Amino acid sequence: MPEADATQTSQCFQLKGANVSLTALELHFFEEDAFEETLRDKIRQAPGFFRDIPLVVSLEKYEGPTAELDFFKLIGICRRHNIHVVAVRGGDDDQRRLARNAALALLPATAQREPRAPEPAEPAVEEAAPTTPDPAPTAAGPAPAAARLVTQPVRSGQQVYAPEGDLIILAPVQAGAEVLAAGNIHVYGPLRGRALAGVHGLSEARVFCQSLEAELVSIAGHYKISEDLQEHGWKQAVQLQLKDDLLVVTPLDK
Amino acid sequence: MAKIIVVTSGKGGVGKTTTSASISTGLARRGFKTVVIDFDVGLRNLDLIMNCERRVVYDFVNVIQGEASLNQALIKDKRVETLYILPASQTREKEALTQEGVEKVLNELAETFDYIVCDSPAGIEHGAQMALYYADEAIVVTNPEVSSVRDSDRILGILQSKSRRSEMGLDPVKEHLLLTRYNPDRVDRGEMLSVGDVEEILAIPLLGVIPESQIVLNASNQGLPVILEDDSDAGQAYEDAVGRLLGEEREHRFLTAAKKGFFSRMFKG
């Protein structure tokens, strides 16, 4: 703002890129009462977390008939619980048309992130045939996602996001701060704020910290709030990971 | 080149104005030409603590809006030769502080002053952001209690992201922690966070610890910067803080509970 020149001030607005973390609701089937029941149950577990959050409805695992997919009802139920449905992700053309009619934004289905682990054989085969100078795109495979390194404390009200890889923080994450990563989160200091690893759904992601004092830890959408974290490893060096969809805390020195 | 120091906290009532008055007086007393600016438009207090409220004619907002010159608005302190006060307006809104206006005034002050101390309003909104935007150094005033520490943490985040130095990619604003209303007795009883606790949470260098004291309140009520109470522990603690601000090594005092007689017990509590 220091040099607010004429062109800048005369413009009504400016478009900027933004990264926000959203909660996705993975819909398996839609049945009004069951939906509301489940939603109410989730909210009861963490009322503060759900208040006025934006929500993306993911249709990637939807198995019910398209005809039952009543977005107006779904939005209505969410609205009653102060949750704002903003978009759908994935789904087939018919489903997306329904979503569009309900004034929802359309997001592309998430890219499949599994391939790396199961097929170590593939790159080896390619190495064995070095004579074909294959111009990169397929041969190189997914380049390792860059980790984001933060050396300053993450203060209350600040948000740090690593949209592709790991997030490494060499300082405290303060209460009221939020750190998010597509991959793992390492905090070489106390973790006092919120940490959300595997925000795109990578359930192998883990959270490591030197002292667990977090307000909330989430891995691929499975989360625990401070109250539930105090039982194990509180104020100790720990790692958190998902085991059978359950967030498990293990001390690091054992 | 003048150095701009913001006294800020996020939370209200922790001692920003008291600190601004004492730090600026301490700097001026050492011969530095110092001006202290009240950014708390609408809730001005600094002139009361500096005992010059009856001499306010023009204020900061008048200068920004070109209704008065800087020389007309600056009030010369009666006790310390090289100290000036730029009072806030009581009748305007904080939005009257425009970024360009503030910059213009600061640039003009920087031509003649050594130190510009900005007394920030509470909160993290416009007024507070204006006060800290041009800062070279920040004194973060914190009380030893959880909510104050949390708010200080928030303001430190804003210093790192919304100050001129951060936006221009210059060296970051130099941060100092000043712990006020410190009561070692209550720390011992576990009713207050200790210096160590606060330092550990906020992770910035400690500028000083000002003990909780009736003298601070009395001085404020009399319109006297407490640093001028040379015999008091709070006054000496502020004097130490000024020394450290100027790069001197000084041991921290008043951190442990003194053994007290019956009367001092009655009056401190």
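Just so it is clear, the structure is predicted and the values come from calculations on it, not from any experiment. Convention: sequence-line order gives letters A, B, ...; per-chain numbering from 1.
Few gaps surround CD on B:Glu248; more than 12 heavy atoms of other groups in view lie less than 6.0 Å from it. Surrounding CD of B:Glu93 are at most 12 heavy atoms belonging to other residues, nucleotides or ligands under 6.0 Å away. Residue-environment remark: NZ (A:Lys42) stays at or below the threshold of 12 foreign heavy atoms within 6.0 Å. Around CZ of A:Phe208, the count of heavy atoms belonging to other residues, nucleotides or ligands within 6.0 Å exceeds 12. Within a 6.0 Å sphere centred on NE2 of A:His232, heavy atoms belonging to other residues, nucleotides or ligands number 12 at most.
The parts of B:Leu202 that come within reach of chain A are both its backbone and its side chain, each placing non-hydrogen atoms under 4.5 angstrom from that chain. The contact between B:Gln160 and chain A is made entirely by side chain atoms (from C-beta outward), counting heavy-atom distances below 4.5 Å.
Closest approach of A:Ser156 and B:Arg150 over heavy atoms only: OG-CD, 3.8 Å. Listed here is the closest heavy atom pair of B:Ala203 and A:Arg155: O-NH2, 4.1 Å.
Between chain B and the options A:Gly176, A:Ala175, A:Pro153, A:Ala177, the largest number of non-hydrogen pairs under 4.5 Å is found for A:Ala175.
At least one side-chain heavy atom of A:Arg192 sits less than 4.5 Å from a side-chain heavy atom of B:Ile201.
The CG atom of B:Leu156 lies 9.0 Å from the CD atom of A:Gln158; values are rounded to the nearest 0.5 Å. Here the straight-line distance linking atom CD of A:Gln174 with atom OG of B:Ser152 works out to 11.0 Å at 0.5 Å rounding.
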